[in-house]
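Have a look at the structure below, then the notes.
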Number of protein chains: 2
Amino acid sequence: MDETDRALLTHLVADARITNAALAEKVGIAASTCLARVRSLRERGVVRGYHADVDPAAVGLPLQAMISVRLQSDARDRLGEFTALVRRLPAVRDVYFVAGADDYLLHVAVAGTGALRDLVATLNGHRDVAGTVTSLIFDHIRTAHGV
Amino acid sequence: MDETDRALLTHLVADARITNAALAEKVGIAASTCLARVRSLRERGVVRGYHADVDPAAVGLPLQAMISVRLQSDARDRLGEFTALVRRLPAVRDVYFVAGADDYLLHVAVAGTGALRDLVATLNGHRDVAGTVTSLIFDHIRTAHGV
DNA sequence: GCTGAAACTAACCCGTA
DNA sequence: TACGGGTTAGTTTCAGC
């Protein structure tokens with residue numbers, strides 16, 4: 001993890017589909033060296049993957065919300081179970097497991113208010129859920145400085 | 001936006017660096033058709049970009065937090081100013097502009113408790129900020145079903 | 001570990017249906 | 001709008017430094 005690796009990461013966060021040749025030129029190393037370094041970053045787990053960023057609204061999911069979930073106090077030994085549940089819900093995009101008054105923050109994208117109501121009902125219907133608070137998201141910006 | 005497009009998106013969300021030939025084969029269309037469709041999705045803004053997912057801990061940012069920010073009630077006409085500020089902070093990874101008791105949720109990654117304290121102090125020092133609440137994030141899962 | 005060239009592979013553009 | 005071939009460009013390997 002030297003300065004060259006950081007430069008590679010910065011460019012790959014901004015554009016994961018940059019060609020190896022272009023990336024090598026931008027950071028000032030040979031193409032073959034660049035390939036080996038990028039592969040190493042991937043294998044070491046520094047880069048966890050490459051993903052397309054899809055606009056939720058463009059695929060029929062214009063409504064986003066953050067749902068904070070408080071679990072029952074006796075559910076501490078079943079955290080994995082609830083985590084597995086929310087991971088399977090198609091609406092859930094991010095699961096933040098937090099310390100504090102709440103236990104989870106769920107970033108969700110749904111088709112409309114009906115789908116949101118159903119989702120919240122599903123969550124509240126789980127035996128380990130003590131309560132939820134839903135906040136609508138007007139806008140979401142993912143910054144490019146992921147390094 | 002037919003079923004073929006949805007299939008393309010699903011695969012591109014899972015792996016943005018899949019080759020065009022492999023992607024074409026997976027969804028059962030010719031490579032040239034696949035290329036044209038993917039390009040169209042990009043140009044129509046359905047795909048907003050392709051990004052590497054970097055492990056924050058692997059680049060020296062092992063501490064993550066969600067900071068909820070409440071603005072002064074008279075700051076409503078300066079929302080853009082505060083948004084621009086937080087976008088420039090290197091620690092900030094996601095900015096959620098929400099409805100409810102709070103105005104912003106900031107997902108941040110920092111080097112340690114000192115950096116987090118400094119960040120919160122910076123936010124609280126802004127004239128438009130009425131208060132902040134910081135929750136540590138134990139774990140963050142980004143689900144792959146972005147379509 | 002970095003480099004540069006050579007062999008291989010994929011991307012891309014165009015004519016056709 | 002989808003397909004298939006031919007050209008261009010990029011990836012990948014390898015031996016030398």
Side-chain angles (χ1 to χ4, degrees), chain A residues 1-62 90 111 142-147, chain B residues 1-62 90 109 111 142 144-147:
Chain A
M1 277 302 303
D2 55 9
E3 275 311 305
T4 303
D5 281 336
R6 299 195 104 83
L8 291 172
L9 292 174
T10 300
H11 286 108
L12 286 171
V13 168
D15 176 15
R17 296 199 102 184
I18 186 173
T19 64
N20 184 66
L23 183 58
E25 205 213 321
K26 272 179 186 278
V27 305
I29 56 177
S32 53
T33 306
C34 185
L35 189 68
R37 275 183 178 264
V38 170
R39 197 174 286 168
S40 170
L41 287 168
R42 184 75 179 88
E43 284 167 359
R44 281 183 290 156
V46 178
V47 172
R48 292 185 290 207
Y50 302 97
H51 306 287
D53 173 27
V54 175
D55 180 5
V59 292
L61 304 171
R142 181 158 294 161
T143 62
H145 27 78
V147 181
Chain B
M1 275 304 303
D2 56 8
E3 277 312 304
T4 303
D5 280 337
R6 299 194 105 83
L8 291 172
L9 291 174
T10 300
H11 287 109
L12 287 172
V13 167
D15 177 15
R17 297 199 101 184
I18 187 173
T19 64
N20 183 64
L23 183 58
E25 206 212 322
K26 271 179 187 281
V27 304
I29 56 176
S32 53
T33 306
C34 184
L35 189 69
R37 275 185 179 262
V38 171
R39 196 173 286 167
S40 170
L41 287 168
R42 183 76 178 87
E43 283 167 0
R44 283 182 288 154
V46 179
V47 172
R48 292 185 289 208
Y50 303 97
H51 307 286
D53 172 27
V54 175
D55 180 5
V59 293
L61 303 171
R142 181 157 293 162
H145 28 77
V147 180

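It should be emphasised that the depicted structure is a prediction, and the values quoted were computed from it without experimental measurement. A note on names: the letters A, B, ... follow the listed sequences, proteins ahead of strands, and every chain is numbered from 1.
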Trace of the side-chain contact (heavy atoms from CB on, under 4.5 Å) decision for A/Leu9 with A/Met1: CA-CA 10 Å; A/Leu9 292 174; A/Met1 277 302 303; 4.2 Å; yes
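The CG atom of B/Asp53 sits 6.5 Å away from the CZ atom of B/Arg142 when rounded to the nearest 0.5 Å. Going from atom OG1 of A/Thr10 over to atom CG of A/Asp5 covers 10.5 Å, rounded to the nearest 0.5 Å.
Across B/Pro56 and B/Ala109, no two heavy atoms sit closer than the pair CB-CB, 4.2 Å.
With hydrogens and angles disregarded, a donor-acceptor distance shorter than 3.5 Å links the side chain of B/Arg42 to the backbone of B/Arg48. Without hydrogens or angle criteria, A/Arg6 side chain to B/Val59 main chain gives a donor-acceptor distance under 3.5 Å.
Close to C/dT3, at under 4.0 Å from its OP1 or OP2, lies a side-chain N or O of A/Thr33.
Applying a 4.0 Å cut-off to non-hydrogen atoms, none of the residues of residues 17-26 of chain A approaches DNA chain C. Only B/Arg37, listed by number, bring a heavy atom of residues 37-47 of chain B to less than 4.0 angstrom from any atom of DNA chain D.
The interatomic distance linking B/Ile29 (CD1) with D/dG4 (C1') rounds to 14 Å, in whole Å. The CG-C1' distance, from B/Leu35 to D/dT1, rounds to 14 Å in whole Å.
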Identify every side-chain donor-acceptor pair in residues 18-35 of chain A under 3.5 Å, counting partners at least two apart or on other chains, and give the distances.
from, atom 1, to, atom 2, distance (Å)
A/Thr19, OG1, A/Ala22, N, 3.2
A/Asn20, OD1, A/Leu35, N, 3.4
A/Asn20, ND2, A/Ala31, O, 2.9

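A salt bridge is absent between A/Asp55 and B/Arg44: the closest approach of a Lys/Arg side-chain nitrogen to an acidic carboxylate oxygen does not fall below 4.0 angstrom.
Distances were taken from every side-chain heavy atom of B/Ser32 (C-beta onward) to each of C/dC12, D/dT12, D/dC3; the shortest belongs to D/dC3.
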